[in-house]
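Each residue takes its place number in the sequence, starting with 1.
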Amino acid sequence: MTDKVLSTKQLYKWTLTLAIPLMVQNLISTLVGTADTIMLGYVGQTAMAASSLANQYTFVIFCIFFGLATGTSVMVAQYWGKKDGNTVEKIIGISTRYSLIAAAVFTSISILFPRAVMKIFSSDLETIETGAQYLRIVSVSFIFMGIAQTYFSALRSIGKVIFPSVVFVVSLCVNVFFNASFIFGFFGLPKLGVIGVALGTVFARFSEVLLCVIYSFRCEIKFRLKYFFSTPVILARDFIKISFPAMGNDLIWSLATSVFASIMGHMGNDIIAANAVAIMVVNIGAIAMRAFANATTVVVGQTLGSNQIEATKEYSKKLLILTIIVGVIGSLIIVAIRPLILSFYADKLTSTALSYLSMMMLMTTYRMIGEGINTCLICGCFRGGGDSRYGFIMDTIMMWGVAIPVMAFAAYVLKLSPIWVYFAMTLDELEKMPFIFIHFFKYKWMKNITRDQTELA
């Protein structure tokens, strides 16, 4: 990153350089979860159900880590744009400290009270016992996950996106290797079933931290133990101010998504089955959207950190256009593969479910474009500009005050057909879009949050 204003071609090249490796990382991360599910299929249905429910608990700590990673990403990008590497290392220390505190709390609960946690999600005694065994072991990985996510987010924010991709590939290989070894008893190892899968996850996460520590010795930004314990108070306050609203935003959004699924779940197996396929399609599209949003955070953060206000305005508008183009291309791909997906599931779904899926895939196209735009602006521009509160407030009001009530009204009061209830759900991104655009073009979200060394002292 230089202080020179980039041309559109240079900007898009920079963005793609950041976004493409992020897409690979997101895809590999998805494959890690898929590997666990496939391997557990060889253990048994109870093991699959137990681990799936236990991972609902894991998802909460993941949202916390993601919020802390957001604060890390935004602040590192801005201070790196300011060419202040020393403060970047202090930010890593702050984020790692909070990650370890959160991990210690969640790990302790999982180790001491795993059955109590599982009873929140299930009443089946066998599922509770199996899930408790899995949760007690897999919770150790929280400690490693928090450290690795912090360092990955810092590296991405200074433009080093290849190393995290390499680590994710290694982690996937380690996970699959130990899963298979402990399930089938390879290399003389005991057959541990669901406990073995949990151990595979722990070893995979540990490998990530080990590689990060080794890489840190030769990288511009390093893990420094002294910053884990002692950092400027004002810097920690800035970090909390950005991270905590982002964390709340992700939790609010995730819980609302769960409510959407719950409402659909009470409308019959046909719509549930069709929705499961539609979610898979949307998630594949979301990989690209989230990658571009993360890339936007880095571009906006570094440009603001170097105090290029006008350039930030131009870059953000151009990145919004790029996001729309990517969204349209993704939607056209969904339309193109729609006949293939319908053909593939023709003998796996009922005729009613298949008709639902046919309509739902068309509806996902405009919803995906809307989600891409909102993600670019809320998670990319606003957060990159140091404003994580607006997205939190907007999602809380629009999802819980508008989208969920509208969907519930359509389902339980008007008793509309499931496909019309699904249509009501797809409007959630469009409902908040006007307010997001108004906030975007006011440019009040653009804040250089960096401080001088005299302040940090």
A.B. asks: Please list, chain by chain and in numerical order, all residues satisfying side-chain contact (heavy atoms from CB on, under 4.5 Å) with Ile20, sequence neighbours excluded.
C.D. replies: Leu16
A.B. asks: Which heavy atom of Ser157 sits nearest a heavy atom of Ala77, and at what distance?
C.D. replies: CB-N, 3.8 Å
A.B. asks: Name all residues meeting the salt bridge (charged side-chain N to carboxylate O under 4.0 Å, His left out) criterion together with Lys318; count only those two or more places apart in sequence or in a different chain, and write none if there are none.
C.D. replies: none
A.B. asks: Taking ring-ring contact (aromatic ring centres under 6.0 Å, His included) as the cut-off, I'd like each qualifying pair that reaches into residues 321-364, sequence neighbours left out, listed once.
C.D. replies: none
A.B. asks: Can you list the residues that meet the salt bridge (charged side-chain N to carboxylate O under 4.0 Å, His left out) rule with Asp238, with sequence neighbours excluded?
C.D. replies: Arg451
A.B. asks: For residues 412-422, which residue pairs qualify under side-chain hydrogen bond (donor to acceptor under 3.5 Å, both in side chains), counting only residues two or more places apart or in two chains?
C.D. replies: none
A.B. asks: If a pair satisfies salt bridge (Lys or Arg N to Asp or Glu O under 4.0 Å) and one of its residues is in residues 152-168, list it, with sequence neighbours excluded.
C.D. replies: Lys160-Glu220
A.B. asks: Run the salt bridge (charged side-chain N to carboxylate O under 4.0 Å, His left out) test against Lys447 and tell me which residues pass, sequence neighbours left out.
C.D. replies: none
A.B. asks: Is there any ring-ring contact (aromatic ring centres under 6.0 Å, His included) pair reaching into residues 383-402, and which pairs are they, with sequence neighbours excluded?
C.D. replies: Phe382-Tyr390, Tyr390-His439
A.B. asks: So which pairs with a foot in residues 250-273 pass salt bridge (Lys or Arg N to Asp or Glu O under 4.0 Å), sequence neighbours left out?
C.D. replies: Asp250-Arg383
A.B. asks: How are the rings of Phe206 and Phe144 set relative to one another: parallel (under 30°), tilted (30 to 60°) or perpendicular (over 60°)?
C.D. replies: perpendicular
A.B. asks: Quick one: salt bridge (Lys or Arg N to Asp or Glu O under 4.0 Å) pairs with a partner in residues 357-379, sequence neighbours left out?
C.D. replies: Arg367-Asp428
A.B. asks: Give me each pair satisfying salt bridge (Lys or Arg N to Asp or Glu O under 4.0 Å) with a member in residues 291-305, each pair once, sequence neighbours excluded.
C.D. replies: none
A.B. asks: Checking Lys317 now: which residues fulfil salt bridge (charged side-chain N to carboxylate O under 4.0 Å, His left out) with it, not counting sequence neighbours?
C.D. replies: Glu314
A.B. asks: Relative to the ring of Phe178, is the ring of Phe182 parallel (under 30°), tilted (30 to 60°) or perpendicular (over 60°)?
C.D. replies: parallel
A.B. asks: Is the backbone of Leu11 close enough, under 3.5 Å, to the side chain of Thr15 for a donor and an acceptor to pair up by distance?
C.D. replies: yes
